[in-house]
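As structure tokens, the structure follows; a few thoughts come after it.
Note: hydrogens, waters and symmetry copies are ignored here, and every other heavy atom, side chains too, is used. All residue numbers in this chain count up from 1 along the given sequence.
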Amino acid sequence: MKLIAVCGSARKQGNTAKMLHKVIEGAKSVGAETEFVNLFDLNYKDCISCYACKLKNRKSSAHCALNDDLRPLLQSIEQADAIVLGSPIYYANISGQMSSFTNRLMFQYLDYGAKGTGPKPKFFKTALIATMNGDDESYVARGVKDTLDRLKEMLGHTLGSCELLTLTDTVLFDDYSKYVYQMPDLEEKSSRVEKIPAEDLKRAFDLGVRLIRER
């Protein structure tokens, strides 16, 4: 069993990366092979609508034909059993890097048949982790929940299954005194010893275990 974690955050030691590494830790604890990829290390484009992946009787059918840094990752994913995507939330949506990646990942398997999905090499177990500064109330009120629910549904429909895990009310800075931050939660966040609550790290760990164990 192999799990690949794909990080769509520029902060390589940030909340998103830490949650993904906990997923990896959980998967390793039950014997899985794992790989961690940060999208900010790769040079790639969004889908360019060339439709090479839709051509009949071609080697590129159901595979993205763009030859950039995403090609090896997409090939590696086809050999994996579980995929975990992690992204911070910017303006009520996932990062641009993660959006471009998910477009490339999913569109290659979509056809224009009755079911809307074409051939894929296997049933993928997929999870999406989203981290955000906003609290649970703003997560719903600002439409983030609706956006992530739609993406979860599309990932599940296209790849096989998808689970959503969110981390809200995150700590942004190690030292809040250095930055302009006038939100009412300043004192609480700046004095928080546990940057990511232990129960949230455990949720990520358990997710890694579950993705490997539950078949």
Side-chain angles (χ1 to χ4, degrees), residues 3-28 32 34-44 46 69-70 73 76-77 80 82-106 124-136 138-140 142-152 154-155 159 162-176 179 181 183 185 189 192-211:
L3 177 145
I4 296 180
V6 181
C7 184
S9 173
R11 300 176 68 184
K12 296 185 178 181
Q13 304 299 322
N15 296 307
T16 304
K18 287 176 181 176
M19 292 288 281
L20 286 173
H21 281 297
K22 270 296 174 182
V23 173
I24 285 175
E25 190 178 319
K28 282 183 174 179
T34 64
E35 181 181 352
F36 180 89
V37 178
N38 191 297
L39 294 175
F40 280 79
D41 291 334
L42 307 181
N43 183 15
Y44 62 96
D46 203 327
D69 287 356
L70 272 195
L73 175 57
S76 184
I77 283 173
I83 315 157
V84 184
L85 313 180
S87 176
I89 295 299
Y90 295 103
Y91 292 100
N93 212 333
I94 56 176
S95 69
Q97 281 76 8
M98 181 56 71
S99 178
S100 295
F101 167 73
T102 55
N103 286 343
R104 293 270 298 276
L105 173 64
M106 290 191 288
F124 294 107
K125 297 189 72 175
T126 311
L128 173 64
I129 295 178
T131 66
M132 64 206 82
N133 180 55
D135 59 18
D136 290 337
S138 64
Y139 166 62
V140 176
R142 296 178 181 175
V144 183
K145 182 180 185 302
D146 290 339
T147 297
L148 294 179
D149 282 345
R150 283 193 296 271
L151 179 56
K152 172 191 170 185
M154 287 187 287
L155 285 165
L159 301 176
C162 187
E163 183 173 344
L164 175 63
L165 189 156
T166 58
L167 175 65
T168 59
D169 196 24
T170 58
V171 174
L172 296 177
F173 315 116
D174 290 332
D175 184 354
Y176 273 75
Y179 302 92
Y181 189 89
M183 304 297 286
D185 58 5
K189 286 197 175 183
R192 195 184 296 177
V193 175
E194 200 175 42
K195 304 302 183 186
I196 301 178
E199 57 265 31
D200 288 313
L201 292 173
K202 185 178 186 304
R203 286 196 300 137
F205 181 93
D206 291 345
L207 173 61
V209 172
R210 192 161 58 250
L211 287 170

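- Between Cys7 and Phe36, the shortest heavy-atom contact is CB-CZ, 3.6 Å.
- Side-chain contact check for Ile196 versus Met19: some heavy-atom pair is nearer than 4.5 Å.
- When all heavy atoms of Ala27 and Leu3 are compared, the pair lying nearest together is CB-CD1, 4.0 Å.
- For the atom pair CD1 (Ile4) and CD1 (Ile83), the distance works out to 7.0 Å, reported to the nearest 0.5 Å.
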*Checking side-chain contact (heavy atoms from CB on, under 4.5 Å) for the pair Leu211/Val84: CA distance, chi angles, key distance, verdict?*
CA-CA 9 Å; Leu211 287 170; Val84 184; 3.4 Å; yes
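- Residue Leu73 comes nearest to Phe101 through the heavy atom pair CD2-CE1, 3.7 Å, listed as atom of the first residue, atom of the second, then distance.
- Of the possible donor and acceptor atoms, none in the side chain of Glu199 sits under 3.5 Å from a partner among the backbone N and O of Arg203.
- Annotation: the span from Ile129 atom CD1 to Leu165 atom CG amounts to 5.0 Å, rounded to 0.5 Å.
- Look at Asp206 and Lys202 and you find a salt bridge, because one of the NZ, NE, NH1 or NH2 atoms lies within 4.0 Å of a carboxylate O, short of that distance.
- The distance from atom CD of Gln97 to atom OG1 of Thr102, rounded to the nearest 0.5 Å, is 11.5 Å.
- Across every non-hydrogen atom of Val209 and Gly26, the tightest pair is CG2-O, 3.3 Å.
- Atoms CG and CG, from Leu151 and Asn93 in turn, are 8.0 Å apart once rounded to the nearest 0.5 Å.
- Across all non-hydrogen atoms, the minimal contact from Pro88 to Gly8 is CD-O, 3.5 Å.
- The aromatic rings of Tyr181 and Tyr176 lie perpendicular to each other, with more than 60° between the two planes, well past the 30° mark.
- Inter-residue side-chain proximity for Leu172 and Tyr179 is flagged as unmet; no heavy-atom pair is nearer than 4.5 Å.
- A donor-acceptor contact shorter than 3.5 Å links the side chain of Asn38 to the backbone of Ser9.
- Side-chain polar atoms of Thr131 and Thr16 form a donor-acceptor pair below 3.5 angstrom.
- Side-chain contact between Ile89 and Tyr139: absent, with no pair of heavy atoms (C-beta onward) separated by less than 4.5 Å.
- Looking at heavy atoms from C-beta onward, Leu85 lies out of side-chain contact with Leu20 at the 4.5 angstrom threshold.
- Note: Asp200 CG to Lys22 NZ = 12.0 Å, rounded to the nearest 0.5 Å.
- With hydrogens and angles ignored, the 3.5 Å screen pairs no side-chain donor or acceptor of Ser99 with any backbone N or O of Ser95.
- For the pair Met98/Val6, a side-chain contact is recorded, criterion being any heavy-atom separation below 4.5 Å from C-beta on.
- At a threshold of 4.0 Å, the pair Arg192-Asp169 counts as salt-bridged, since one of the basic side-chain nitrogens sits closer than that to a carboxylate oxygen.
- Ion pairing between a basic and an acidic side chain is recognised when a charged N comes within 4.0 Å of a carboxylate O; Glu163 and Lys152 show no such pairing.
- Panel note: side chain Lys189, backbone Thr170; a donor-acceptor pair is recorded below 3.5 Å.
- One finds no salt bridge joining Glu25 and Lys28 here, because no Lys/Arg side-chain nitrogen approaches an Asp/Glu carboxylate oxygen to under 4.0 Å.
- What you find for Ala92 and Thr147 is that their closest heavy atoms are O-OG1, 3.7 Å.
- Around the CD atom of Gln13, the shell of radius 6.0 Å holds no more than 12 heavy atoms that belong to other residues, nucleotides or ligands.
- Note on Lys195 versus Asp174: no salt bridge recorded, every NZ/NE/NH1/NH2 to OD/OE distance being 4.0 Å or above.
- In this structure, Val37 and Leu42 have side chains that are in contact, with non-hydrogen atoms separated by less than 4.5 Å.
- No salt bridge links Asp146 with Arg150; every basic N to acidic carboxylate O contact stays at or beyond 4.0 Å.
- The CE atom of Met132 lies 8.5 Å from the OG atom of Ser138; values are rounded to the nearest 0.5 Å.
- Between Thr168 and Asp135, the closest side-chain pair of non-hydrogen atoms is not below 4.5 Å.
- No side-chain N or O of Ser100 forms a donor-acceptor pair with one of Asn103 less than 3.5 Å apart.
- Counting heavy atoms from C-beta on, the side chains of Leu148 and Val144 come closer than 4.5 Å.
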